[in-house]
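Have a look at the structure below, then the notes.
Lettering of chains follows the sequences in order, A, B, ..., and the numbering in each one begins at 1. In this text, all values refer to a predicted model and were calculated from it rather than measured experimentally.
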2 protein chains.
Amino acid sequence: MADPSSTTDTLARQKPGKREQTKANNRRAIIEAGRYVFAELGYGETTVRDIIRKTGLASGTFYNYFKSKEEVFQAIMDENALRVRPRLRSERIRAKNFEEWVRGMFFVFFDYVVNDQSNFRIIRRNTGALRVRMDTPEIIAGFDELQADLEKAVAEGIAPKVDIDYLSAAMIGIAFEMSDRLVLREDPSVEEATDFATTLLLNGLSALTEKDDA
Amino acid sequence: MADPSSTTDTLARQKPGKREQTKANNRRAIIEAGRYVFAELGYGETTVRDIIRKTGLASGTFYNYFKSKEEVFQAIMDENALRVRPRLRSERIRAKNFEEWVRGMFFVFFDYVVNDQSNFRIIRRNTGALRVRMDTPEIIAGFDELQADLEKAVAEGIAPKVDIDYLSAAMIGIAFEMSDRLVLREDPSVEEATDFATTLLLNGLSALTEKDDA
DNA sequence: CCCGTTCGGGACCCTGCGTCAACTTGTCCT
DNA sequence: AGGACAAGTTGACGCAGGGTCCCGAACGGG
């Protein structure tokens, strides 16, 4: 269908097409407006109208791109996940042993949270004490990767044989809840947090093994 | 009417008064309707109208009791916390040592979650992958109690001297995230989960001490 | 029994939601 | 180039929910 008869092969991508262009622009504009407004008002208080107003587009146009504010939020979270996952992946490769792997996972996560707080503020900035968290496809994929890694580590005997489901839950729970406290500190130290989480998990884990043998 | 108006002092509470009565009833009705509707539609999709409709009261009446659906949600969460905290407290007293204390905390929490899933389903049952969590005054008070206990334990030398803030965050994170997985299991074992969490935390913790010494 | 107070009822206005028909703009074909 | 068609934007519209407010009813004290 989108066949550019000439220059089909390598240069095809160079023909943006004005239509495609504005489409991409509009989508970006809406997402950026979403980031801004969510951070400003919190998820609950934000309306589709608030978002679209900030872009200057018409209300109807919004629905050409997203079904609801929830979808915008999801897109934002997905983008976040897409930024973190490559880092996690490279850390995963770099790791020479299990400890390095665990440390790497925590480090990347905490580092990201601290250095890109704007995205995480969204979750906090909510009237009252309401917190929202969304497990988007990308985020879930990230969790799955984590769990798969753990399974592989266990299969290879690198990590002790324990309940992988609970273990990954523990890792994720520790990471999220600690990052919450981390960003509240006046001088947040990623290293300190990473150290804490890594030591806790690693040694707790080795104890779980012994228990398993018994 | 031999109204015991005289017995004002000690027996005063025996005078319900029809006014007070319906007031209490209405409040209860709204909260119960809230429980039902939140569980049915999820927090996001629920409207004040949905709640009040289920009670048969008029829309205006709602606002005599709560300012918003958020306040109803908060009331529900507070009630939940009020159910768990006494159990946590008695477990706290029963505990003969630090291990028992940790185990007790996790056990009570997991046990509550499993046996009162209806309340926790509210958090999950949300369109898309949106999760809500509300830290109400009662819940925060519970967290504070936990943290205070940890501080005391550290001060008494029962528990190692570590970053209490992170430690309580880790406990809470583990508890919440694991409970999420726990309820999804076909045959959820509270003991198993408690064992896992307790062993993980306790031994991870002792490792943190050694690190501290070094 | 009567009056003051307190509260429930529901109409009312406002704002946001999602849709749709009319218009505008890019694209393709001759 | 120019016209015709497709794609996309616009904002008005109908509808539903949020929060308010005044009226009337029920309660409670004298």
Side-chain angles (χ1 to χ4, degrees), chain A residues 1-8 12-31 33-34 37-38 40-73 127-128 130, chain B residues 1-8 11-31 33-34 37-38 40-74 127-128 130:
Chain A
M1 83 177 205
D3 182 23
S5 26
S6 58
T7 68
T8 3
R13 64 195 53 179
Q14 291 229 358
K15 190 206 67 177
K18 201 160 184 185
R19 217 107 204 193
E20 300 290 325
Q21 196 65 27
T22 47
K23 225 167 140 180
N25 286 344
N26 285 348
R27 194 186 151 83
R28 260 265 67 73
I30 292 173
I31 288 179
V37 179
F38 281 137
E40 203 70 11
L41 306 177
Y43 180 81
E45 307 307 307
T46 299
T47 71
V48 169
R49 246 65 177 187
D50 290 329
I51 297 173
I52 205 66
R53 228 175 268 134
K54 187 117 333 203
T55 68
L57 295 169
S59 63
T61 305
F62 177 91
Y63 296 95
N64 284 342
Y65 295 87
F66 299 95
K67 282 209 297 286
S68 61
K69 70 169 174 175
E70 188 174 324
E71 274 201 3
V72 178
F73 191 69
T127 43
L130 201 62
Chain B
M1 291 290 189
D3 181 25
S5 49
S6 51
T7 62
T8 8
L11 293 175
R13 61 195 57 180
Q14 293 231 356
K15 187 204 69 175
K18 201 160 186 185
R19 218 104 203 198
E20 301 292 324
Q21 197 65 27
T22 48
K23 224 168 143 180
N25 286 344
N26 285 348
R27 194 187 150 82
R28 260 262 71 70
I30 291 173
I31 287 179
V37 179
F38 281 137
E40 202 70 13
L41 306 177
Y43 180 80
E45 307 307 307
T46 299
T47 71
V48 169
R49 248 63 175 193
D50 290 329
I51 297 172
I52 205 66
R53 227 176 268 132
K54 187 116 333 196
T55 67
L57 295 168
S59 65
T61 305
F62 177 90
Y63 295 94
N64 285 342
Y65 294 88
F66 299 95
K67 279 209 299 286
S68 62
K69 71 169 173 175
E70 190 175 322
E71 273 200 5
V72 178
F73 191 68
Q74 186 168 349
T127 43
L130 202 62

**Message:** Under 4.0 Å from OP1 or OP2 of C:dG8: is there any side-chain N or O of B:Asn64 that close?
**Reply:** yes
**Asked** Just checking B:Asn26: base, sugar-phosphate only, or nothing, at a heavy-atom cut-off of under 4.0 Å?
**Response** sugar-phosphate
**Request:** Specify the separation, in whole Å, of atom CD1 of A:Ile52 and atom P of D:dT10.
**Result:** 8 Å
**Prompt:** Whole-Å distance between C:dC17 C1' and A:Arg53 CZ?
**Reply:** 12 Å
**Distance test, side-chain N/O of B:Ser59 to OP1/OP2 of C:dG10, below 4.0 Å** = no
**Message:** Within the 4.5 Å heavy-atom criterion, are B:Phe62 and B:Thr55 side-chain neighbours or not?
**Reply:** no
**Prompt:** If only side-chain N and O atoms of B:Tyr65 are considered, is one of them under 4.0 Å from the OP1 or OP2 phosphate oxygen of C:dG8?
**Reply:** yes
**Message:** Would you say A:Arg19 places a side-chain N or O within less than 4.0 Å of OP1 or OP2 belonging to D:dA6?
**Reply:** no
**Asked** Counting only side-chain N and O atoms of A:Lys23, is one of them less than 4.0 Å from OP1 or OP2 of D:dG8?
**Response** yes
**Asked** Heavy atoms under 4.0 Å, any strand shown: does A:Thr47 hit a base, just sugar-phosphate, or nothing?
**Response** sugar-phosphate
**Message:** Please report the distance, rounded to the nearest Å, between CD1 in A:Ile30 and C1' in D:dT9.
**Reply:** 11 Å
**Message:** Check this for me: does the side-chain of B:Arg49 come within 3.5 Å of the base of D:dG19 through a donor and an acceptor?
**Reply:** yes
**Item:** Test item: side-chain donor near acceptor, A:Thr47 and A:Asp50, under 3.5 Å
**Value:** yes
